[in-house]
Structures are given as structure tokens and as C-alpha cells.
Amino acid sequence: MTRPALILVESDATLRDAVEAVAQACSHAFYHFRTLSQLIAAEPPRPGDTLVVDLREWADIAILLDWRDGLTSAPRTLVLTEHAPGRLMRRTGPVEGVEVWRMPIEAARLVALLDATP
């Protein structure tokens, strides 16, 4: 059986290393992309995978959600933002399978999310 993956879109090496350590501790495969464009060009996530995206630009949320909508099976998605999560959700409305967390993130909270993988 293939392990679920944690797929990170992040340009910061410190956050990448921390999230990779959490993925390994939770027995998840780990894949990293520096940009949304790299993610979109890659093979799509599998059912059970978790996508974590550090949202730097407001326009990126539309790109991300449009890409997810086109997938056969959209991954559970965690959007990280420096903005208030409610502010982002007012722009997009609620999206099934998408959570928004304010940076910085806590490792224990990410572990709990991965442990709850469907």
C-alpha cells in the first residue's frame, strides 16, 4: 500500500524542513514544490494526500482553487496565510476540503491533521 503524501508548496527552506520532519514523523511521503506553477505541472495528488500551500499572493488562491476543481479527486488542502483566515474565506467562501490557517503553524496541529487522514 502506498503511503499518503504531504505535498508542500513553499519557497522558504526553514518551513520546508519543519514540514518535512512532521511528514516523516507521521509516515507520510513528502513532496515539495517552490511554486504553484511547479505543482500544477506535476502529476496530480492521489486520494488521501494532503496539500499544504503557503499563500503569498491573493491571486494564488483563485489559481489553486481552479486547479483543485479540475482534479478527479481533490486533495485535502491546507492554505497557510499571514492574513486572518476569515478575511480569505470571505473572498472565496467556504470550500469543501480546504482549511485556512494563520502563520506560523504549530507542529502538533499539523500532526493532528495528518493523523486524521481519511
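Quantities reported herein were computed from a predicted structural model and do not represent experimental measurements. By convention here, the first residue in the shown sequence is residue 1.
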Notebook entry, point to check: Looking at Pro75 and Pro45, what are the two nearest heavy atoms and their distance?
Noted result: CG-CG, 3.8 Å
Notebook entry, point to check: Could you go step by step and tell me if Leu64 and Leu55 meet the side chain to side chain contact (heavy atoms under 4.5 Å, CB included) rule?
Noted result: CA-CA 9 Å; Leu64 173 66; Leu55 182 69; 5.9 Å; no
Check: Backbone N or O of Arg3 within a donor-acceptor pair of the Arg46 side chain at under 3.5 Å?
Finding: yes
Note to self: If I take atom CH2 from residue Trp67 and atom CG from residue Leu36, how far apart are they, to the nearest 0.5 angstrom?
What the structure shows: 8.5 Å
Check: Is Glu106 reaching over with its side chain to a backbone N or O of Ala108, donor-acceptor style, under 3.5 angstrom?
Finding: no
Notebook entry, point to check: Which heavy-atom pair separates Pro47 from Ser73 by the least distance, and what is that distance?
Noted result: CG-OG, 3.7 Å
Margin query: Rounded to the nearest 0.5 Å, what separates atom CD in Glu10 from atom OG1 in Thr35?
Written below: 11.5 Å
Check: With Arg16, which residues qualify under side-chain hydrogen bond (donor to acceptor under 3.5 Å, both in side chains), at least two apart?
Finding: none
Next item on the list: Give the minimum heavy-atom separation between Met103 and Leu15, together with the two atoms involved.
Entry: CE-CD2, 3.7 Å
Next item on the list: List for me each residue that meets side-chain hydrogen bond (donor to acceptor under 3.5 Å, both in side chains) alongside Thr77, sequence neighbours excluded, and say none if there are none.
Entry: Arg68
Item checked: Spacing of Arg109 atom CZ and Leu114 atom CG [to the nearest 0.5 Å] -> 12.5 Å
Notebook entry, point to check: So which heavy atom on Asp49 is nearest to which on Ala5, and how close?
Noted result: OD1-N, 2.8 Å
Check: To the nearest 0.5 Å, what is the distance between OG (Ser11) and CG (Asp54)?
Finding: 6.5 Å
Item checked: Of Val98, Thr50, Val52, Leu51, the residue whose pairing with Arg76 passes side-chain contact (heavy atoms from CB on, under 4.5 Å) -> Thr50
Next item on the list: Report the distance from atom CG of Leu80 to atom CD of Glu99, rounding to the nearest 0.5 Å.
Entry: 10.5 Å
Item checked: Thr81 OG1 to Arg102 CZ distance, which is reported to the nearest 0.5 Å -> 7.5 Å
Check: Among Ile40, Ile7, Leu8, which residue meets the side-chain contact (heavy atoms from CB on, under 4.5 Å) test with Phe33?
Finding: Ile7
Check: Taking only residues two or more places apart in sequence or in another chain, which ones pass side-chain hydrogen bond (donor to acceptor under 3.5 Å, both in side chains) with Asp60?
Finding: none
